[in-house]
Protein chains: 4
Amino acid sequence: MDPNRPGRGRPRDASRDAALRQAAMEVLAEVGYRALTMDAVAAQARAGKATIYRRWDSKLDLVIDTCTQLVQRNIPEPDSGSVEHDLREFLSAFASFLTGPVGKAAQALVGELPHEPELAAAFRTSFLLPQRDVVRRLIDRGLRRGEIGPEAPVDTIVELTGAALLYRLMLTDEPLDAEFVERLLTQALLPLLHRGT
Amino acid sequence: MDPNRPGRGRPRDASRDAALRQAAMEVLAEVGYRALTMDAVAAQARAGKATIYRRWDSKLDLVIDTCTQLVQRNIPEPDSGSVEHDLREFLSAFASFLTGPVGKAAQALVGELPHEPELAAAFRTSFLLPQRDVVRRLIDRGLRRGEIGPEAPVDTIVELTGAALLYRLMLTDEPLDAEFVERLLTQALLPLLHRGT
Amino acid sequence: MDPNRPGRGRPRDASRDAALRQAAMEVLAEVGYRALTMDAVAAQARAGKATIYRRWDSKLDLVIDTCTQLVQRNIPEPDSGSVEHDLREFLSAFASFLTGPVGKAAQALVGELPHEPELAAAFRTSFLLPQRDVVRRLIDRGLRRGEIGPEAPVDTIVELTGAALLYRLMLTDEPLDAEFVERLLTQALLPLLHRGT
Amino acid sequence: MDPNRPGRGRPRDASRDAALRQAAMEVLAEVGYRALTMDAVAAQARAGKATIYRRWDSKLDLVIDTCTQLVQRNIPEPDSGSVEHDLREFLSAFASFLTGPVGKAAQALVGELPHEPELAAAFRTSFLLPQRDVVRRLIDRGLRRGEIGPEAPVDTIVELTGAALLYRLMLTDEPLDAEFVERLLTQALLPLLHRGT
DNA sequence: CGATAATCGAGACGGTACGTCGAGTCTTTAG
DNA sequence: CTAAAGACTCGACGTACCGTCTCGATTATCG
């Protein structure tokens, strides 16, 4: 059952996993999801197609795995003792990470979500939820410290934070830069957090 | 130069345009963007593929045009004399419109935006801008009526409105329903509009 | 350089060659050259079109190869010790072979000869020359045996033999039967061979 | 019923027939039957396709008509009082006519004969029969003059004459020149005609 | 050690959709 | 009603990609 048991034949070369994910990411960032071909990924990694299909069931599988792998290593979680500082830190760091190839890769998947339930689940669990959870924890710590009143609409603020980031990333052509983060923070998130205080 | 000049040969049959767009929308809603084939659209409309390619350069072109055509006819613009009422009206109506096939179609295009500049331009001009403009005009009327203080961060509010709608539509699997609209309105948009008043 | 070298990837499946040639011959005999489609050949052989195009450059190429392959295995060369007997034998056997699908296939190619130099070369080398050579060798043996006088116009007789066969086969609707062979032999070929003896 | 009646509308422009046949012949001679497209013929004649289809039912129809029209005007029938002289004259003249575009056009049709009964009938009636009839009449005159013995195998000689011409024209790449005509005449036709005299 | 078995790169395989092009028909404006 | 122009449906073209399979060669474990 376990493909990683010592088994008889030649063992899988674990270094191919990384090479293939790397190749997939490169091709994805260069040409987008639709124009990504398995042949191109195989060629980029100097691998055979069978080597890919031995590890992933399909193009979609490969791309999902490649993205989530990367995302999960790159969500910052600052904890400085100040909600404002933590939020600013998180937004800046994550925004600049999203600006790179992973953001484009994630965007490439959006169109497939409605027709690929497994992809949708993976996308949400590995990409959306972690960011929300970080923001939520960050605000919760503020609540516990009394920085924020208990009546702040946390759920809505958390959702808006993600929405604002991804809207810029994927839909408009406006930059995800420091000025944007600052404006979002001072004109929307902080006022909502401190409403009534 | 003008392809619609009275010209010599047989003129384009305008009814084919509509039939093809209709067929494209049906196929799109049924199987999604990736699985949409030109053959399927042609068959659905009882047209030859050449007839499609005479009007649109590619599958993408066809889908863009089909969507924007529909969107532009369906953006509500309430004007009741109350910002709150207008916003609620707009959000409800547009959210329920986006829940239909056009929303899915728009989503299907997102992944192509970074690699198709023309598509990106069309998407923004025909899909994003109109919604933003409606919201902006609606708030501007409130400003002129004195309902809203002049220091309200209109740009940010407008952006967040679109972001919140499309985030739910395309990325999460949470519903774009009345409850969501109400929460967005009372917990975020209205407080931001009335901040400091 | 050599496509049959042991090489790296999966080798060409030689049995597909035969299956495709078989399918091509069947389709050709059934519907003729013009109506022969690559899709039909592929379907008949349960092959993908790419598998055909990997082996032959075009429909023409496939048909040429299919025909010459068959012709070269089916040119009889009798050697009984009598020119008359050998000629009768050859004409009967080859005429009845030409009456089958190969004859129709060869005919199908005639119209393309002036515009396809490679086809013309293949047609002549694989189809015309072998018949002429057989007849010539057959007559040469008669010359060496002294059955025929050395002044017989061999070139002309050889040419007329081929001409007579193919004229009936391809141009008139008269049968290539035993009576025709007998008439050609006794009224033309034998008198010319024995002229002056 | 009669399309040439004075009728109501604009009368058919008879000069278009000639222009279209001319165009068809040119295209045919240039690219062959298969590559001849109706659009090309129409363009060459600066005509609309409908104008072609108003006069001929199909591509085949057009080509048949174009060829037979030309052939029937160009079969020479010498009558000098000498079979040898007449045959030499006919063979020379007709061979040089066949060397032109009409020969190529006729060749283009050969591949279609087995699958197009109407074409086959037209081809034989308009192209093959007239040549045979000329040769037969020419020999008959010799018979009546006593130049030839009554036992000469006329049918066979007539058939061989056509076969020899068309074999060279369509199948081999050897020239249909004076030397060929002379050799055919002196080494085959005349000996057969005079056999036993 | 030799046999066995799963891996690797390479690329042929069946299949499906692509975007183009040709045949023959239809529909417009101009005469 | 005919002419030229050109849009129309239909279907084959030759190409590209998917996911599978098959080859020789390699690399491990097992007996």
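Order of the sequence lines fixes the chain letters, A, B, ..., with proteins taken first and strands second; residue numbering starts at 1 for each chain.
The nearest whole Å value for the distance from the CG atom in Asp39(C) to the P atom in dC18(E) is 15 Å. With rounding to whole Å, Met38(A) atom CE is found 14 Å from dG9(E) atom P. The nearest whole Å value for the distance from the CG atom in Asp57(C) to the P atom in dG14(F) is 10 Å. Distance CZ (Arg54(C)) to P (dT15(F)): 12 Å, rounded to an integer number of Å. Distance CG (Leu62(D)) to P (dA23(E)): 11 Å, rounded to an integer number of Å. Protein atom NZ of Lys49(C) is 15 Å distant from nucleotide atom P of dG11(F), rounded to whole Å. Atom P of nucleotide dT16(E) and atom CD1 of Ile52(C) are separated by 15 Å, given to the nearest angstrom. For the pair Tyr53(C) OH and dG14(E) P, the interatomic distance rounds to 15 Å; values are reported in whole Å.
Counting any heavy atom pair closer than 4.0 Å across all strands shown, Ser58(D) reaches sugar-phosphate atoms only and no base atom. Contact annotation for Ala42(A): no contact, since no heavy-atom pair falls under 4.0 Å across all strands.
Nearest-nucleotide assignment on DNA chain F puts the 5′-proximal partner with Ala14(B), out of Ala40(C) and Ala14(B). Across the interface with DNA chain F, nearest-nucleotide mapping of Leu36(C) and Asp13(B) shows Asp13(B) to be the residue nearer the 5′ end. Map Gly48(C) and Thr51(A) each onto its nearest nucleotide of DNA chain E; the residue landing nearer the 5' end is Thr51(A).
Under the rule for a salt bridge (charged side-chain N to carboxylate O under 4.0 Å, His left out), Asp57(B) has no partner lying at least two apart in sequence or in another chain. Partners of Ala108(A) by side chain to side chain contact (heavy atoms under 4.5 Å, CB included), not counting sequence neighbours, listed by chain and number: Leu28(A), Tyr33(A). Applying the side chain to side chain contact (heavy atoms under 4.5 Å, CB included) criterion to Gln69(D), with sequence neighbours excluded, gives Arg21(D), Asp65(D), Arg73(D).
At a cut-off of 3.5 Å, with distance as the only test, no side-chain donor of Asp39(D) or Thr37(D) sits close to an acceptor on the other residue.
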Taking distance alone, no hydrogens or angles, what donor-acceptor pairs closer than 3.5 Å link side-chain atoms of residues 113-123 of chain B to residues at least two apart or in another chain?
residue, atom, partner, partner atom, Å
His115(B), NE2, Gly32(A), N, 3.3

Taking distance alone, no hydrogens or angles, what donor-acceptor pairs closer than 3.5 Å link side-chain atoms of residues 40-47 of chain A to residues at least two apart or in another chain?
residue, atom, partner, partner atom, Å
Gln44(A), NE2, Glu26(A), OE1, 2.4

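Between Ser126(C) and Val71(C) the shortest heavy-atom distance is O-CG1, 3.6 Å.
Within residues 16-24 of chain B, no residue approaches DNA chain E, by heavy-atom distance under 4.0 Å.
Among the nucleotides dA12(F), dC18(F), dA28(F), the one closest to the side chain of Pro11(A) is dA28(F). The side chain of Thr37(B) lies closest to dA17(E), out of dT22(F), dA5(F), dA17(E).
Under 3.5 Å, the side chain of Arg10(B) and the base of dA7(F) form at least one donor-acceptor pair of N or O atoms.
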